[in-house]
Amino acid sequence: MILNCDDIDIALIKDPKVKAVLICLFTDARATADELPSYIQENRGWWGDGIEVSINDKKELISWGSLLWTLKRAKMSGDILTTVREQIKNALNPLVKSGYLAEPQITVSKEGDRLNFVLQFENETIDIQGVEL
């Protein structure tokens, strides 16, 4: 499935797994003080977003969303691709740990001032194009 960020309307997406991926990636997670860049003065995300769930019969506190928003003014260097890949992996971790999704192979590429994410799961590919940080 190819999704262009300029045209995404989550209400029109029928696949619940794709919806879950979009929610995990594009919901702002609350950052800890050491995760905030110096140029960000106000933390985003919901202060109470920690949700206790049972994953594989073990109670865990999870947080929905990603820290991609903290990269809004980051330099688009080669290092940013590694950082984005790690943040995507962390954001999808609750879905992977619960067994809802398999661990994806994540490819991040830069196209001008935008990024493209390709998430390759066992039997599905989600290609998100035109992500502006």
Side-chain angles (χ1 to χ4, degrees):
M1 170 177 278
I2 298 175
L3 300 169
N4 186 309
C5 277
D6 293 331
D7 302 326
I8 292 176
D9 183 345
I10 198 165
L12 300 178
I13 294 178
K14 303 295 182 213
D15 186 329
K17 290 184 179 185
V18 174
K19 277 188 181 190
V21 166
L22 293 175
I23 289 168
C24 286
L25 294 181
F26 298 112
T27 299
D28 294 347
R30 185 122 178 116
T32 61
D34 61 322
E35 294 170 322
L36 284 175
S38 61
Y39 55 81
I40 295 179
Q41 303 305 315
E42 186 174 338
N43 205 340
R44 289 169 35 181
W46 181 44
W47 59 268
D49 74 345
I51 301 167
E52 188 172 297
V53 295
S54 182
I55 298 175
N56 300 325
D57 297 325
K58 182 181 173 191
K59 296 240 184 233
E60 293 191 36
L61 191 64
I62 63 164
S63 176
W64 289 105
S66 75
L67 294 176
L68 292 172
W69 67 271
T70 63
L71 303 174
K72 183 79 174 158
R73 292 177 41 199
K75 289 183 181 178
M76 293 293 265
S77 66
D79 293 341
I80 194 74
L81 301 180
T82 301
T83 301
V84 168
R85 190 177 309 108
E86 283 301 312
Q87 289 193 2
I88 290 171
K89 182 179 178 180
N90 291 340
L92 296 177
N93 195 39
L95 299 177
V96 172
K97 284 179 80 173
S98 68
Y100 189 67
L101 289 176
E103 180 95 28
Q105 290 215 338
I106 302 166
T107 304
V108 180
S109 61
K110 186 171 61 160
E111 191 173 318
D113 62 347
R114 292 179 170 226
L115 299 174
N116 299 320
F117 310 153
V118 178
L119 310 174
Q120 179 68 50
F121 298 94
E122 289 175 336
N123 56 359
E124 185 172 12
T125 299
I126 303 173
D127 186 346
I128 304 171
Q129 301 177 349
V131 179
E132 188 175 324
L133 295 179

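Sequence positions, counted from 1, serve as the residue numbers for this chain.
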Rounded to the nearest 0.5 Å, what separation is found between the CG atom of Leu3 and the CZ atom of Phe117? 12.0 Å

Counting C-beta onward and ignoring hydrogens, is there a side-chain heavy-atom pair between Pro104 and Val118 closer than 4.5 Å? no

Contact between Leu81 and Lys110 at the side-chain level, heavy atoms closer than 4.5 Å - yes or no? yes

With a 4.5 Å cut-off on side-chain heavy atoms, are Leu68 and Val131 touching? no

Reported NZ-to-CD distance for the pair Lys97 and Glu103, which is rounded to 0.5 angstrom: 11.5 Å

Assess whether side chain to side chain contact (heavy atoms under 4.5 Å, CB included) is satisfied between Leu119 and Leu25, documenting all intermediate values. CA-CA 11 Å; Leu119 310 174; Leu25 294 181; 4.2 Å; yes

How long is the straight-line distance from NZ of Lys72 back to CZ of Arg44, given to the nearest 0.5 Å? 8.0 Å

Mark yes or no for whether Trp69, through its side chain, and Phe26, through its backbone, hold a donor-acceptor pair below 3.5 Å. no

Less than 4.5 Å apart, side chain to side chain, heavy atoms only: is that true for Val18 and Glu124? yes

Side-chain touch Ile88/Ser66, heavy atoms, less than 4.5 angstrom: no

With sequence neighbours excluded, what pairs up with Asp6 under the side-chain contact (heavy atoms from CB on, under 4.5 Å) test? Asn4, Arg114

Within the 4.5 Å heavy-atom criterion, are Leu67 and Glu35 side-chain neighbours or not? yes

Run the side-chain contact (heavy atoms from CB on, under 4.5 Å) test against Ile80 and tell me which residues pass, sequence neighbours left out. Leu71, Ala74, Met76, Val84

To the nearest 0.5 Å, what is the distance between CD on Gln129 and CG on Leu115? 12.0 Å

Determine, step by step, whether Ile126 and Phe121 satisfy the side chain to side chain contact (heavy atoms under 4.5 Å, CB included) criterion, reporting the C-alpha distance in whole Å, the side-chain angles of both residues, the deciding distance to 0.1 Å, and the verdict. CA-CA 8 Å; Ile126 303 173; Phe121 298 94; 3.8 Å; yes

When you measure from the side chain of Thr27 to the backbone of Cys24, do you find a donor-acceptor pair of N or O atoms at a distance under 3.5 Å? no

Once you round to the nearest 0.5 Å, how far does CD1 of Ile8 lie from CD1 of Ile13? 6.0 Å

I need the Leu101 CG to Leu92 CG distance, nearest 0.5 Å. 7.0 Å

Does Gln105 have more than 12 heavy atoms from other residues, nucleotides or ligands lying within 6.0 Å of its CD? no

Give a yes or no answer on whether the side chain of Asn116 reaches the backbone of Ser109 with a donor-acceptor pair at less than 3.5 Å. no

